[in-house]
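Here is the structure we will look at, set down as structure tokens.
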Amino acid sequence: MLEKIFDPQSAEPRLYVAWEKAGAFRPDVNPDGAPYTIVIPPPNVTGSLHMGHALNNTLQDVLCRFERMRGRAVLWQPGTDHAGIATQMVVERQLNERQQKRTDFSRDEFIQKVWEWRHESGGAIINQLKRLGASCDWSRERFTMGDNGEPDDQMVRAVMKVFVDLYNGGLIYRAKRLVNWDPHFQTAISDLEVENKDVPGHMWHFKYPLAGGETYEYVEKDEDGNETLRETRDYISIATTRPETMLGDGAVAVHPKDERYAPIVGKLCEIPVGPKEHRRLIPIITDDYPDPEFGSGAVKITGAHDFNDYQVAKRGDIPMYRLMDWKGALRNDGQPYAEEAQKAQALLSETGTPDENYVDAINLVPDEYRGLDRFEARKRVVADIDADGLMIMVEDKKIMQPFGDRSGVVIEPMLTDQWFADAKTLAEPAIKAVEEGKTRFVPENWTKTYYQWMRNIEPWCISRQLWWGHRIPAWYGPDGHIYVAESEEEATKMAIAKYTQEGYSLEEINDMRRHEHGAAPLLHQDEDVLDTWFSSGLWPFSTLGWPDASEGEGDKANLVNKHYPTTVLVTAFDIIFFWVARMMMQGIHFMKDVPFHDVYIHALVLDEKGQKMSKSKGNVIDPLGLIDKYGADPLRFTLAAMAAQGRNIRLSEQRIEGYRNFSTKLWNAARFVEMNECAVDPDFDPSKANETLNKWIIHELRACVAETTEALEGYRFNDAAGAIYRFTWNTFCDWHLEFAKPILQGTDGPAKAETRAATAFVLDEILKLLHPFMPYITEELWGARADRDAHLIVTSWPTAAGLPLSEEAAAEMNSVIDLITEIRSVRQTVDLPAGEKFPMLYIEDGSAIGKCLATHSDLIERLARLDSVKTIAEADAPKGVALVSGGSTFVLDVAGSVDLAAVTKRLEKEVTKAEKEISVIDKKLGNPKFVDKAPQEVVDEQKERRAGYAEQREKLAAALTRLSG
RNA sequence: GGGCGCGUAGCUCAGCGGGAGAGCACUACGUUGACAUCGUAGGGGUCGGCAGUUCGAUCCUGCCCGCGCCCACCA
């Protein structure tokens, strides 16, 4: 016996364990099936399940369960991401709680601590995914750093091989370039990890005096060439939002066509800050970058601290002076300012590209500013210039400022040595693959976003100055030569070979080693680690066993051949650039094929007000809390039902409650079926049903199967969920079970037996269709209803082809439904007491409904609360409450008085409606253009509709005369 | 500045060339031993505005108004 209600708390863990134990999550439950593969977007090990995860994984699980039931060899490959910065942060925070710092430990010790954390509490999110019901093959769980991060671990080897191969192919290189520097974490970050935000700021206008007190005529003209301003100036006006970077200016640039400054191009001007006796002079140059219309038209060029200036400086061989240290404070190294400034001044007389390392060593921060934080330095610079009388004005202005997405601090463009991947080259085949349709975005419009980004891609900075991550497999020799190899051993071999070839003896090589590092190895490894996304980009093949050679299907560990390319990637749009693009680039390069055929981009889950959920806003809805409260099934169903393509999801708890009610409805339906002894009959053949009722429900089931299946095939989760919801509640429960009651409680043996079997059958099919969305309750019912050979999770998905069409039965039952609905409606209009029963008379008119009326009189009487249903000739029809359904007229033989005015009003309203429709259609049909140009079928359809309404109008009119007085 | 998207019932959203839909909320009534986490019935919308294409537009096109999001180097 089924319990009165379903208890998710106790059932969910039990069922989940049973599935795992049965091996249901492994692809070999369907050993002969075609592969169906999804790699999970690996959540951060530090993560805990949020609503986005819940949606993302629900959709993946729906697909996996659906395809598994369809017989595919489904591999849902799970795992987690080592998430460089995030994880390092978590462990550092723990140290802080114990009054310790990361730097209290050696790098090895710290990394050891991170591994300890990872093994103890990392991966809590995996258990949370299990609570959601995710049917991942956990036996294959992977971590982007491997089991222990050791060089022989396959996940690590994959990363090393990729780096080395790309390096050898010239697609990875080391260079000094301007990068986004996060002063909090003291590492470079990629463009994508920077959030540009509008913040209130200032724009200061300063005078840069011309060298030697020179003057020029400054003239401004309007559009017609008339002079609007003329004055003699001994300065050039410069605007900046970042005065502290003035110290590193290498030039002032103006547009070549800007006549105002033509007289002074090529001359020198003075940076108006720093000790007066050592003020630096910089040249006034031309470049296309400055916009004459903006500000004064003159731009200071600080190549080491601004991305635009960097480009100008590169074009013009302007030295780029780095002003800050890794913490974003003004530099405190090198010689006193006077000497350093002199070095810079000396560069002025040189031509050609300045040596970048020489320039980088120059510290142009005046002694009194050294060591100041950049924002403090800004205040000081402004105050000093102002005191000097060289500030023209300051405006308040909204400025775009870059922030680190993790640290929240202002990002500093910084000139540093970093490793870069040649994204432009890697992107080409990745763009082509989408153009050729090898990978398809669903919904389609995301392809544009993908193209836009890929076509404008910049070199990808892949090095990070962190401790936690894949260490870059590059080693430096005593002479600074770089050896890139998959292991230190190999790099050392390369180095020895190189030095031997250069004529050094083994003795001398050993000397080099001693000289450079005492007893240390010959080489020292690059201190940096790789961007987390560098390894995440390999996820679709590294998790499947690459780079180990695939030994065919017998090799369980290596499924690359069988499961790459994967079938579909399910993710949110905010990760297209970070992750999808990188997987495309790396996947195509190394596997010679796209990583996935489809990319399904789903919505973002927002709160009820349409705001992004975030901890800081405090509007986060915790999915685990909802699972505790309602169970996993209602949450999953809600997310799937709301996952319409291309829309955001505003989640409200009411909605979840509604779908919890749905699961209760299903549960109660199953209880009803059980009580009525509708046992599962394995021999039941739906195509052999005789009873109209059963033929009808199977016909309707067929439509639902088709609709659900097609929707899932097209990633239309909401349509699929809607179809099964409506069929279950509005067709099966509301009508079929009600119709079945008189038969199940009646005495007609064969009809009862067939209805029992058919009802049991349809319920089983509902469980199947619903299983991908609500796996727990359906599995529970499946197991409770009969002794089965297999769990529902591995039971075959229904096919429409396996179910018969029964148009006639469908028409018949639907007309009965219409009639009952009409009677109920009339009863309420006339305010007939719900408990009272009356006879109903059908006025014989030879219609279809009349022919089947007797067959279904039991149903009609019961559901419409009638005494009896009788057929009489029109002439014998008494007066009474008349109603029209299906083109026939019926009379409720009501004893006593009823609210006749209400019935009259109701009928008249229906007449009006019919007349209105008729007149609209007549207008159309009367329009020769319509009749000529519209497709014949549309015209015919309108004619049929007109006829229908015309008949309806007549019957209604006749019914009006039947009302008793 | 470029790109994407959204304005349909009180709320959240489907539909997207020929008959305006769902869930929730609301109102009324609850009878039939699956279900009050329920049943039955009902009210409620000039489908953002204007123009165009079309025999016909909530749906296509253009413009406008309002609102989101993503990308972007204006000092």
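The sequence lines fix the lettering, A, B, ..., with proteins before strands; numbering per chain opens at 1. Just so you know, these numbers use all the heavy atoms, side chains as well, and skip hydrogens, waters and symmetry mates.
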Looking at every strand, decide which applies to [X] at a 4.0 Å heavy-atom threshold: base, sugar-phosphate, or nothing.
| X | answer |
| --- | --- |
| F294(A) | base |
| P290(A) | base |
| R824(A) | sugar-phosphate |
| K909(A) | sugar-phosphate |
| K397(A) | sugar-phosphate |
| E738(A) | base |
| D291(A) | base |
| T821(A) | sugar-phosphate |
| P833(A) | nothing |
| K924(A) | sugar-phosphate |
| R671(A) | sugar-phosphate |
| T240(A) | sugar-phosphate |
| K448(A) | sugar-phosphate |
| W204(A) | nothing |

Q: Quick one: pull up CD1 in I385(A) and OH in Y208(A) and give me the separation to the nearest 0.5 Å.
A: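 Nearest 0.5 Å value for the CD1-OH distance: 7.0 Å.
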
Q: Would you tell me if any nitrogen or oxygen in the side chain of K929(A) comes within less than 4.0 Å of OP1 or OP2 on rU54(B)?
A: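 No, outside the criterion.
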
Q.
Quick check on rG19(B): is either OP1 or OP2 less than 4.0 Å from any side-chain nitrogen or oxygen of R945(A)?
A.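 Answer is yes, contact under 4.0 Å.
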
Q: Figure out the NE2/P separation between H305(A) and rA75(B), and round it to whole Å.
A: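 Checked: the NE2 to P distance equals 18 Å.
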
Q. Once you round it to whole Å, what is the distance between P of rG15(B) and CZ of R726(A)?
A.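 For the pair R726(A) CZ and rG15(B) P, the rounded distance is 12 Å.
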
Q: Would you please classify the geometry between the W729(A) ring and the F662(A) ring as parallel, tilted or perpendicular, with 30° and 60° separating the classes?
A: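 Ring orientation of F662(A) relative to W729(A): parallel.
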
(Q) If you assign W453(A) and S296(A) each to the RNA chain B nucleotide with the nearest heavy atom, which residue ends up on the more 5' nucleotide? (A)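 First, find each residue's nearest nucleotide; the 5'-ward one identifies W453(A).
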
Q: Starting from the 5' end of RNA chain B, give me the residue, R906(A) or E657(A), whose nearest nucleotide shows up first.
A: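 With R906(A) and E657(A) compared, the 5'-side residue is E657(A).
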
Q. Regarding K905(A) and T829(A), is there a side-chain donor-to-acceptor distance under 3.5 Å anywhere?
A.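 No pair is found: no donor N or O on one side chain lies under 3.5 Å from an acceptor on the other.
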
Only distances under 3.5 Å count here; give the side-chain donor-acceptor pairs of residues 934-943 of chain A to other protein atoms, sequence neighbours excluded, each with its distance to 0.1 Å.
unit_1: Q936(A); atom_1: NE2; unit_2: D940(A); atom_2: OD1; d: 3.0
unit_1: Q942(A); atom_1: OE1; unit_2: R945(A); atom_2: NH1; d: 3.3

Q.
Suppose we screen for salt bridge (charged side-chain N to carboxylate O under 4.0 Å, His left out). Which residues come up paired with D288(A), at least two apart in sequence or across chains?
A.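 By the salt bridge (charged side-chain N to carboxylate O under 4.0 Å, His left out) rule, D288(A) matches no residue at all.
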
Q. How far, in whole Å, is rG10(B) from rG68(B) if one measures between their C1' atoms?
A.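 Here rG68(B) and rG10(B) have their C1' atoms 22 Å from each other.
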
